[in-house]
Amino acid sequence: MTKPSAKALVPFVSVDHMMQLIHHVGLAPMLQGLADRIEQDFRRWPLFDKTPRVASHSDVGVIELMPTSDGDVYGFKYVNGHPANTKEGLQTVTAFGLLSDVATGYPVLFSEMTILTALRTAATSALVARVLAPKGSKVMAMIGNGAQSEFQSIAMQAIAGIEEVRLFDVDPAATAKCAKNLAGSGLKVVSCNSAEEAILGAQIITTCTADKQYATILTDNMVGAGVHLNAIGGDCPGKTELAPAILHRADIFVEYPEQTRIEGEIQQLDPDHKVTEFWEVLSGTAKGRTDARQITLFDSVGFAIEDFSALCYVRDAIRDTAFFTPLDMLADPDDPRDLFGMVNRAK
């Protein structure tokens, strides 16, 4: 068997490698590193190709491709969302991603992104909360205690400075799971019996539920002044979490309006309803929080540039480590024009 040439090999980060990398770096430092890279890329937002993700919807879920490029590196993520999967012992969301060199089109990284998506989503949420939440915020309500909840909580602790997380889920087993996993994190963890109870005293309210339907996780009377809402559960047409009246009282911040108006909470509003792109706040061309009593809302659906940032972070983090496998992915014949000859000789 002919040994693959160096040109044929692409670094592949498996699920096991990703977990090893997290423990090598440390979860909180890795979340901080991801947030720093995401912020760096948001600050150069105009350089990127931007397009709403390409989605294939079915009655049971969605499969999506999320591409972008900064002109030097191209990246994409494959991701699904199937809420009923957990009943079959499967993940609701799975993902993988790839980076390529724009100059040659050759892939330079292939990686699992089921875990990495959870990390980058949490890092993005906490980065935005650090900028938009009321100054001195210490308490977060975590409504929906599924696969994202622990990552969100620890990211908010590491990046936004929260000290207490108040948990609620319609499934008490999910709340118990989350509370158990956060034991020893340094956070004060309070398990609650309702969303209303969880919100008491919280300056940051995160909603992350999975049902693919219009839902009202928060009603208008539940949200008072001086809070930051982090709405991350609504991420496709027909799937929302907030009562429309809340949106009319909030200053709304989004990743990419063309995608969020289709998939986010603001699909409930008029197409010309005013929103602010978060990258503009970071660049100083738009205002963030201006008033202690203001309600800020991050209507987050996840955007390809965040995945690009996460993949670039991993690409750099695995250098000179054993946390990847060189994968024989690319044909490399001696003569680039003689692919047939390469195949024939393998016999």
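Computed from a predicted structure; not experimentally measured.
Side-chain atoms of Ser137 never come within 3.5 Å of backbone atoms of Ile204 as a donor-acceptor pair (strictly under, hydrogens ignored). Checking side-chain atoms of Glu306 against main-chain N and O of Phe303 turns up a donor-acceptor pair under 3.5 Å. The backbone N or O of Val102 lies less than 3.5 Å from no partner atom in the side chain of Ser100, so there is not a single donor-acceptor pair. Remark: side-chain polar atoms of Gln259 are paired, donor with acceptor, to backbone N or O of Gly302 under 3.5 angstrom. Between the side chain of Glu255 and the main chain of Val301, a donor-acceptor pair closer than 3.5 Å is present. No donor-acceptor pair closer than 3.5 Å links the side chain of Asp169 to the backbone N or O of Pro172.
If you check the side chains of Asp16 and Ser14, you find no donor sitting under 3.5 Å from an acceptor. A donor atom on one side chain and an acceptor atom on the other are not found under 3.5 Å apart for Glu280 and Thr285. Between Arg289 and Thr296, the side chains place a donor N or O and an acceptor N or O closer than 3.5 Å (distance only, hydrogens not considered). One side chain, Asn230 or Gln152, offers a donor N or O that lies under 3.5 Å from an acceptor on the other.
Follow the hydrophobic side-chain contacts under 4.5 Å out from Leu330 and you never reach Leu9; the two are in separate clusters. By the rule that hydrophobic residues join a cluster once side-chain heavy atoms approach within less than 4.5 Å of another member, Leu99 and Phe110 end up as members of separate clusters. In the hydrophobic cluster analysis, where Ile, Leu, Val, Met, Phe, Trp and Tyr join through side-chain heavy atoms closer than 4.5 angstrom, Ile159 is grouped together with Met142. Both Val15 and Leu116 belong to a single network of hydrophobic side chains, linked directly or stepwise wherever heavy atoms of I, L, V, M, F, W or Y lie under 4.5 Å apart. In this structure, Val79 is not a member of the same hydrophobic cluster as Val62, with clusters built from ILVMFWY side-chain heavy atoms closer than 4.5 Å.
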Would Leu242 and Thr216 count as a side-chain contact (heavy atoms from CB on, under 4.5 Å) if you check the C-alpha gap in whole Å, the side-chain angles of each, and the deciding distance to 0.1 Å?
-> CA-CA 5 Å; Leu242 306 182; Thr216 306; over 6 Å; no
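Electrostatic pairing of Lys287 and Asp251 does not count as a salt bridge here, judged by no charged N lying under 4.0 Å from a carboxylate O. The pair Asp291-Arg293 does not count as a salt bridge, with every side-chain nitrogen at least 4.0 angstrom from each carboxylate oxygen. Glu258 has no carboxylate O lying under 4.0 Å from a charged side-chain N of Lys50, or vice versa, which leaves the two without a salt bridge. With respect to Arg345 and Asp338, a salt bridge is recorded, a charged nitrogen being found less than 4.0 Å from a carboxylate O. In summary, Glu164 and Arg166 engage in a salt bridge, as defined by a charged side-chain N under 4.0 Å from a carboxylate O. Here Arg130 pairs with Glu39 in a salt bridge; the nearest charged N to carboxylate O distance falls below 4.0 Å.
Of the listed residues (Leu247, Val254, Ile232), just one forms a side-chain contact (heavy atoms from CB on, under 4.5 Å) with Asp299, and that residue is Val254.
Considering every non-hydrogen atom in both Pro11 and Val108, the closest pair reads CD-O, 3.3 Å. The shortest heavy-atom contact between Cys192 and Glu197 is CB-CD, 3.7 Å.
Heavy atoms of other residues, nucleotides or ligands lying less than 6.0 angstrom from CZ of Arg337 number 12 at most. Heavy-atom contacts from other residues, nucleotides or ligands closer than 6.0 Å to CG of Asp334 number 12 or fewer. Counted within 6.0 Å of CD on Glu88, heavy atoms from surrounding residues, nucleotides or ligands total 12 or fewer; the atom is thus considered open.
The list of ring-ring contact (aromatic ring centres under 6.0 Å, His included) pairs with a residue in residues 59-84, not counting sequence neighbours, reads Tyr78-Phe96.
With sequence neighbours left out, the ring pair (Phe, Tyr, Trp, His ring centres under 6.0 Å) criterion links Phe48 to Phe308. Applying the ring pair (Phe, Tyr, Trp, His ring centres under 6.0 Å) test to Phe298 and every residue at least two apart in sequence or in another chain returns nothing.
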